[in-house]
Asks: 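Can you keep this structure in mind? I'll have questions shortly.
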Amino acid sequence: MYKIIIPLFIWMACSFAASSQVITGADRTNEYLPLLKGKRVALLVNQTATIGHTHLVDSLLKRGIHIQKIFSPEHGFRGKADAGEKVGNSKDARTGLTIVSLYGKHRKADATDLQDVDILVFDIQDVGTRFYTYISSLQELMEAAAENKKPLIVLDRPNPNGHYVDGPILDTTFRSFVGMQPIPIVHGMTVGEYACMLNGEKMLKNGVHCQLTVIHCQHYDHHTFYLLPISPSPNLPNMASIYLYPSTCLFEGTALSLGRGTDLPFQVFGSPLLPKDLFSFTPHSTEGAKNPPLKDTTCYGYNLTGTPEQVRAEMDGRVQLKWLIQAYKLFPDKEKFFIPYFKKLAGNAILQEQIKKGLSEEEIRKSWEPGLTKFKTTRKKYLLYAE
């Protein structure tokens with residue numbers, strides 16, 4: 001178990017150095033500015049949509065592009081809201097532009113939202129998991145674009161977890177906003193590749209087809225060690241959290257804390273009911289975690305954090321179940337370990353039962369193989385970058 005905390009300034013310095021080698025879709029303005037000239041543009045973006053150190057919105061306005069409105073995903077345009085927190089419509093203080101929230105009850109742009117729009121742009125940094133909701137927002141934007149005959153440009157960005165594919169395939173009985181398609185927990189695709197698959201496999205609602213343009217990244221492949229220059233959401237503050245997230249997010253479907261409300265979200269897990277000789281931490285109300293699970297309660301458990309290189313190596317290109325299995329074994333009241341949300345995150349009812357029955361990690365993983373093999377075959381058709 002790692003117990004090395006990465007100072008934020010070191011992570012940011014490393015991030016900038018690594019990111020400078022990759023040219024994102026947003027950086028390649030010559031490829032998409034001609035498509036926006038003279039058009040009324042709407043963008044689905046958050047704080048990660050940047051060209052260098054400047055937000056995409058500001059960059060486009062300086063280049064004379066007419067931005068009609070901004071759509072925002074979970075966590076809002078500036079990326080400050082809690083997970084699941086309702087964010088209403090507003091105006092951007094800097095530009096005066098209207099911001100329409102596409103999270104909560106109004107998740108999908110409708111005809112009224114799009115009646116004064118000619119073209120749509122999507123630019124959000126994803127982290128490559130089924131339950132991270134930005135790909136769900138992408139899907140619903142594609143559907144809205146198709147239904148209202150609006151072209152969509154996706155400005156692609158690297159997937160920091162794009163070097164592997166793993167986890168159980170979603171059983172569509174458990175479809176939700178944290179899992180809309182029968183894909184594994186870790187899909188190994190950029191948002192541009194994923195958008196191409198949604199179109200190509202007719203996965204959009206009613207089989208509609210979106211008029212899609214993907215602006216590719218340059219100097220990127222699926223094994224590029226890409227460190228994000230900007231945190232993609234409040235509780236993924238560093239690369240350790242991003243690499244651990246595909247595995248530790250499953251703890252959100254249990255009675256344990258996974259560190260929301262601490263300096264190490266998704267990097268620690270624990271409960272007041274676990275042995276008191278383990279690593280201890282106490283969640284408190286913080287920005288992005290105003291009312292975290294087990295708030296103001298001392299929890300005992302494990303600290304998994306480390307340097308980006310250490311944690312990526314520890315993950316070993318797999319969804320790690322060992323921590324979840326260990327926590328279940330140590331938890332005294334087995335009937336209260338899982339909460340209903342676990343099945344939505346797992347994408348099935350099977351994983352919970354497998355852990356309850358005491359199956360080993362390898363036995364559970366074998367049950368994933370048929371679905372993963374099928375998905376990998378489909379995925380391969382839409383890859384834009386070398387594996």
Side-chain angles (χ1 to χ4, degrees), residues 19 21-37 39 41-46 48-51 56-57 59-60 65 71 73 102 109 114 117-130 132-163 165 180-181 183 187-205 207-224 226 228 232 375 378-387:
S19 299
Q21 299 168 19
V22 172
I23 300 174
T24 68
D27 291 319
R28 302 181 65 205
T29 53
N30 289 343
E31 298 296 317
Y32 63 91
L33 284 180
L35 305 176
L36 304 180
K37 291 287 186 183
K39 304 285 179 62
V41 181
L43 304 97
L44 177 50
V45 289
N46 66 4
T48 64
T50 59
I51 300 175
L56 179 66
V57 168
S59 292
L60 294 183
I65 300 301
F71 293 119
L102 295 184
L114 298 179
V117 171
D118 299 315
I119 190 167
L120 294 159
V121 175
F122 179 97
D123 184 17
I124 297 176
Q125 177 65 61
D126 190 51
V127 299
T129 64
R130 183 181 66 220
Y132 204 55
T133 61
Y134 297 153
I135 59 169
S136 297
S137 293
L138 171 62
Q139 176 179 330
E140 295 197 336
L141 186 68
M142 290 178 69
E143 291 171 354
E147 291 160 4
N148 292 278
K149 297 180 171 52
K150 309 291 183 180
L152 170 64
I153 300 172
V154 171
L155 304 181
D156 212 6
R157 291 183 178 271
N159 176 358
N161 287 307
H163 53 289
V165 177
M180 294 181 69
Q181 295 295 347
I183 62 173
H187 52 72
M189 307 179 85
T190 67
V191 290
E193 292 171 329
Y194 187 73
C196 290
M197 184 179 72
L198 291 177
N199 245 358
E201 296 300 308
K202 300 187 183 303
M203 290 173 151
L204 300 178
K205 187 177 180 181
V208 295
H209 187 273
C210 175
Q211 185 183 331
L212 176 69
T213 300
V214 177
I215 307 300
H216 301 189
C217 301
Q218 291 182 324
H219 311 309
Y220 168 75
D221 64 41
H222 281 277
H223 289 277
T224 299
Y226 182 77
L228 274 59
F375 172 76
T378 301
R379 167 185 175 269
K380 195 164 188 176
K381 295 188 287 183
Y382 301 101
L383 295 184
L384 304 174
Y385 312 97
E387 290 194 271

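Hydrogens, waters and symmetry mates are skipped; everything else that's a heavy atom, side chains included, is used.
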Asks: Counting C-beta onward and ignoring hydrogens, is there a side-chain heavy-atom pair between T48 and L228 closer than 4.5 Å?
Replies: no
Asks: Do the side chain of E143 and the main chain of L204 share a donor and acceptor less than 3.5 angstrom apart?
Replies: no
Asks: If you measure from the Lys or Arg side-chain nitrogens to the Asp or Glu carboxylate oxygens, is any gap between D126 and R157 under 4.0 Å?
Replies: no
Asks: Relative to the ring of H223, is the ring of H163 parallel (under 30°), tilted (30 to 60°) or perpendicular (over 60°)?
Replies: tilted
Asks: Would a 4.5 Å heavy-atom cut-off, applied to side chains only, mark V121 and V45 as touching?
Replies: no
Asks: State, with a plain yes or no, whether a side-chain heavy atom of M189 is found less than 4.5 Å away from one of C196.
Replies: no
Asks: Can you find a side-chain donor-acceptor pair between Y194 and N159 that sits under 3.5 Å?
Replies: no
Asks: Would you say L155 and T24 make side-chain contact, with heavy atoms under 4.5 Å?
Replies: no
Asks: Does the side chain of H216 come within less than 4.5 Å of V214's, by heavy atoms?
Replies: yes
Asks: Considering the options Q181, M180, Q139, M142, which one meets the side-chain contact (heavy atoms from CB on, under 4.5 Å) requirement together with M203?
Replies: Q181
Asks: Please check if atom NZ in K381 has more than 12 non-hydrogen atoms from other residues, nucleotides or ligands closer than 6.0 Å.
Replies: yes
Asks: Less than 4.5 Å apart, any side-chain heavy atom of Y134 and any of N46?
Replies: yes
Asks: Less than 4.5 Å apart, side chain to side chain, heavy atoms only: is that true for S137 and I124?
Replies: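 S137 does not reach I124 side chain to side chain.
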Asks: Checking side-chain contact (heavy atoms from CB on, under 4.5 Å) between I65 and each of L33, V57, L43, which is the one that passes?
Replies: L33
Asks: Hey, does V117 have a side-chain heavy atom less than 4.5 Å from the side chain of N148?
Replies: no
Asks: Please step through side chain to side chain donor-acceptor pair (under 3.5 Å) for the pair Y385 and D156, ending with a clear verdict.
Replies: CA-CA 11 Å; Y385 312 97; D156 212 6; 2.7 Å; yes
